S.K.: 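The structure follows.
The shown structure was predicted, so the numbers you read here are calculated from the model rather than taken from an experiment.
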Amino acid sequence: MDYIIEMLNITKTFPGIVANDNVNLLIKKGEIHALLGENGAGKSTLMSILFGMYQPDKGEIRLEGKPVKIKDPNEANRLGIGMVHQHFKLVGNFTVLENIVLGAEDTKMGVLQLKEAREKVLALSELYQLKVDPDAKIDDITVGMQQRVEILKMLYRDNDILIFDEPTAVLTPQEIEELIKIMRKLAQEGKSLIFITHKLNEIKQVADRCTILRKGKYIDTVDVSKTSAEEMSEMMVGRKVALQVAKEDMTPGEAILSVRDLCLKTDKTGKNKLNNISFDVRKNEILCIAGIDGNGQTELAYALTGMMPISSGSITLKGEDISKASIRQRSVKGMSHIPEDRHKDGLVLEYSLEENLILQEYFTDQFQNKGFLKFDKIREFANTLIDQFDIRSGQGAQTTVRSMSGGNQQKAIIAREITKDPDLLVAVQPTRGLDVGAIEYIHSKIVEQRDNGKAVLLISLELDEVMNLSDRILVIYEGEIVGEFDPRQVDVKELGLYMAGSKRAEVK
């Protein structure tokens, strides 16, 4: 038998959108098969159909040549299909072990039997080098660890077909390397992996074959070793994509943001999460803060934007001390913020697209009169931004933001923050989880801000992005700035040593 899974002529529609339009996907036993496409191309929908979360409107699924009907995820598990979702499906106040057995528990006279489960989990984590503490609470472990728990959930259920939906979107470069090793080992054991991603370098590293979707339609299935990243990106977007950022050299002007001796105590031990941080971001400059996740970047962004109070030090915007200013005051004085977590801090998911686009300015005379919103002006403004920033949504300005793809949610935030015409743009992980087309677009918008005389503070975990976009790089390690670099005179390996704390330099 050639194929373990055949998805034939799959069609699925939602209000205002055809998510999958007559799509075919054929998976061989023991292969790592990448599924590539822009945000909103229909990749996650197709996998949700395979995992029984949606039913196709048309088409057929065959497992080892026999037609199957997958009515829900429990049925998928019974058929040996498991899935690691982009947003993990874990219970925060349960332990690792409880999460792994949830839904597949052994009980004796109504009492949970965890001894054998623990032995099986420990054996699996040893076999696949997925080191986890079975007694740790999910809330207390890192995102990379949570992902290992999701993988163990599949292995515990003896799944042979493993779906990974954007598995590297929230991982550090080191965790990504670990995951790639784990995926290779799983394939060697004869398991079939489907790997949803839009990171072309990862596909080149780990996948055997790649199926490309564009706007819900099947484009092609290619042999990864014989196809270049440029060819795959062109199939995915439908045009040639610049994988490098085009930007001219610029001479920075005066400091727009000045941070001096910034300290932030956040935990009960009184230890500083940020320690004596000082830097300037100047007009016509993209300054990048690079580091491994968890070294104080999130706290720094929160402190600068007013989402977290600082313990000591000062923050000055255009010569004015804003250390104690509210979030709105900072926004009105010329600061824009593209947050790290678009769902938690960037959008109100149950609001419409047009409501989200005016969140920073609904109180201005443009959008309200004596406390009453001007709905016609809001709709007009939203439609302009939707056209200008190519925000795709099923029902235009009235679309509920929750139903939009990640890339289009991100475009909405960027449209809102850039349209305010800020003096300082704080962009935290602006392209996390986005495809090459969206990344190219967002990078061009950030460079455009710099070229228009703005100051940009970029906080990113993506080293390619750091090297490509920045005019100057500061490395943060354990809440301190440990090095300052010119991206034209440093390589990724050298940066990595500072990021890991192996090297440090006195920063002027």
Side-chain angles (χ1 to χ4, degrees), residues 4-5 27-35 47-48 50-53 63-64 68 70 72-91 94-107 112-138 141-171 175-197 202 206-208:
I4 188 161
I5 283 282
I27 309 293
K28 294 177 181 173
K29 187 171 170 55
E31 78 167 339
I32 300 177
H33 193 113
L35 189 55
M47 289 302 97
S48 296
L50 182 56
F51 193 55
M53 291 167 75
L63 182 64
E64 294 181 340
V68 288
I70 306 172
D72 58 35
N74 289 334
E75 181 67 24
N77 273 315
R78 279 194 290 277
L79 293 168
I81 301 167
M83 184 166 180
V84 175
H85 299 267
Q86 191 174 354
H87 300 289
F88 303 146
K89 311 282 187 197
L90 298 169
V91 182
F94 277 18
T95 65
V96 165
L97 182 62
E98 287 164 347
N99 269 279
I100 290 170
V101 302
L102 190 61
E105 307 92 336
D106 272 337
T107 55
L112 209 50
Q113 301 296 302
L114 286 178
K115 187 168 175 286
E116 282 175 20
R118 175 188 295 274
E119 284 165 12
K120 183 172 175 180
V121 166
L122 289 171
L124 285 167
S125 61
E126 185 64 36
L127 177 62
Y128 293 104
Q129 297 296 293
L130 291 157
K131 298 179 185 70
V132 293
D133 172 4
D135 301 312
K137 275 204 173 154
I138 294 295
I141 62 175
T142 66
V143 173
M145 279 293 170
Q146 288 179 24
Q147 189 176 63
R148 292 176 175 201
V149 176
E150 285 280 21
I151 295 169
L152 280 166
K153 266 168 66 176
M154 297 195 292
L155 299 174
Y156 184 80
R157 287 157 178 73
D158 302 320
N159 294 146
D160 290 320
I161 297 143
L162 313 178
I163 305 164
F164 291 82
D165 187 358
E166 298 286 355
T168 63
V170 292
L171 301 186
E175 286 172 331
I176 291 168
E177 271 177 43
E178 283 299 307
L179 177 68
I180 284 172
K181 281 186 201 152
I182 291 162
M183 289 170 76
R184 286 205 182 106
K185 185 159 176 55
L186 290 166
Q188 284 161 8
E189 299 271 330
K191 297 191 183 293
S192 308
L193 280 68
I194 305 172
F195 174 38
I196 304 180
T197 185
E202 286 167 13
V206 78
D208 302 303

S.K.: Looking at every heavy atom in both Leu155 and Lys191, which two are closest together, and how far apart are they?
M.R.: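 Of all heavy-atom pairs spanning Leu155 and Lys191, the closest is CD2-CE, 3.8 Å.
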
S.K.: Quick check: do Ile151 and Phe164 have side-chain heavy atoms less than 4.5 Å from each other?
M.R.: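 When only atoms from C-beta onward are counted, Phe164 and Ile151 do touch, with a gap below 4.5 Å.
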
S.K.: Strictly below 4.0 Å, N to O, side chains only: are Glu177 and Lys181 in salt-bridge contact?
M.R.: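 Salt bridge flag = no for Lys181 with Glu177.
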
S.K.: Regarding Asp133 and Arg148, does a basic nitrogen lie under 4.0 Å from an acidic carboxylate oxygen?
M.R.: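 Looking at Arg148 together with Asp133, the answer is no, because their closest N to O distance does not fall below 4.0 Å.
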
S.K.: Does any non-hydrogen side-chain atom of Ser192 lie less than 4.5 Å from one of Asp160?
M.R.: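 Answer no - side chains too far apart.
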
S.K.: Do you know the tightest heavy-atom contact between Ala187 and Leu193?
M.R.: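 Looking at all heavy atoms of both residues, the closest pair is N-CD1, 4.1 Å.
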
S.K.: Just wondering, do Asp165 and Met83 contact through their side chains at under 4.5 Å, heavy atoms?
M.R.: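 A side-chain contact exists here, since the closest heavy-atom pair is under 4.5 Å.
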
S.K.: How long is the straight-line distance from CG of Leu179 back to CD of Glu202, given to the nearest 0.5 Å?
M.R.: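 Rounded to the nearest 0.5 Å, the CD-CG separation comes out at 8.0 Å.
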
S.K.: Are Val96 and Asp135 close enough that some pair of their side-chain heavy atoms sits under 4.5 Å apart?
M.R.: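 No, too far: nothing below the 4.5 Å cut-off.
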
S.K.: How close do Val206 and Ile32 get, counting heavy atoms only, and between which atoms?
M.R.: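 Shortest heavy-atom separation between Val206 and Ile32 comes out as O-CD1, 3.5 Å.
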
S.K.: Roughly how far, to the nearest 0.5 Å, is the CZ atom of Phe51 from the CG atom of Asp72?
M.R.: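 The distance works out to 9.5 Å.
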
S.K.: If you round to the nearest 0.5 Å, how far is CD1 of Ile161 from CD1 of Ile194?
M.R.: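 Ile194 CD1 to Ile161 CD1: 7.5 Å, rounded to 0.5 Å.
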
S.K.: Nearest 0.5 Å, please: how far is CZ in Arg184 from CD in Gln188?
M.R.: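 Between Gln188 CD and Arg184 CZ, I get 8.5 Å after rounding to 0.5 Å.
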
S.K.: In Å and rounded to the nearest 0.5 Å, what is the CG to CE distance from Leu162 to Met154?
M.R.: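 Answer for the CG-CE pair, Leu162 versus Met154, is 4.5 Å.
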
S.K.: Counting only N and O atoms by type, is there a donor-acceptor contact under 3.5 Å from the side chain of Arg78 to the main-chain atoms of Pro73?
M.R.: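 It does not hold such a pair.
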
S.K.: With the threshold set at 4.0 Å, does a side-chain nitrogen-carboxylate oxygen contact exist between Glu116 and Lys120?
M.R.: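 No.
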
S.K.: When rounded to the nearest 0.5 angstrom, what is the spacing between CG in Asp208 and NE2 in His33?
M.R.: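 Asp208 atom CG to His33 atom NE2 measures 9.5 Å (nearest 0.5 Å).
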
S.K.: Using side-chain contact (heavy atoms from CB on, under 4.5 Å), reason through Ile163 and Val84 one step at a time and then give a plain yes or no.
M.R.: CA-CA 6 Å; Ile163 305 164; Val84 175; over 6 Å; no

S.K.: Are Leu122 and Glu126 packed together at the side-chain level, in the sense that at least one heavy-atom pair is separated by less than 4.5 angstrom?
M.R.: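 No. Closest side-chain heavy atoms not under 4.5 Å.
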
S.K.: So Lys153 and Leu90, do their side chains get closer than 4.5 Å, heavy atoms only?
M.R.: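 The answer is yes, as the side chains (C-beta and beyond) meet within the 4.5 Å cut-off.
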
S.K.: Let me see the working for Lys137 and Phe94 under side-chain contact (heavy atoms from CB on, under 4.5 Å), right down to the final yes or no.
M.R.: CA-CA 6 Å; Lys137 275 204 173 154; Phe94 277 18; over 6 Å; no

S.K.: Between Leu35 and Phe195, is a side-chain contact (heavy atoms from CB on, under 4.5 Å) present by the stated rule, with each step listed?
M.R.: CA-CA 6 Å; Leu35 189 55; Phe195 174 38; over 6 Å; no

S.K.: State, with a plain yes or no, whether a side-chain heavy atom of Glu98 is found less than 4.5 Å away from one of Thr95.
M.R.: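 Yes, side chains in contact.
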
S.K.: For a 4.5 angstrom cut-off between non-hydrogen side-chain atoms, does Ile70 reach Leu63?
M.R.: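 Heavy-atom side-chain distance check fails, nothing below 4.5 Å.
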
S.K.: Apply side-chain contact (heavy atoms from CB on, under 4.5 Å) to the pair Ile81 and Asn159, showing each step before the final yes or no.
M.R.: CA-CA 5 Å; Ile81 301 167; Asn159 294 146; 5.7 Å; no

S.K.: Of all heavy-atom pairs between Val101 and Ala117, which one has the smallest distance, and what is that distance?
M.R.: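 For Val101 and Ala117, the tightest heavy-atom pair comes out as CG1-CB, 3.6 Å.
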
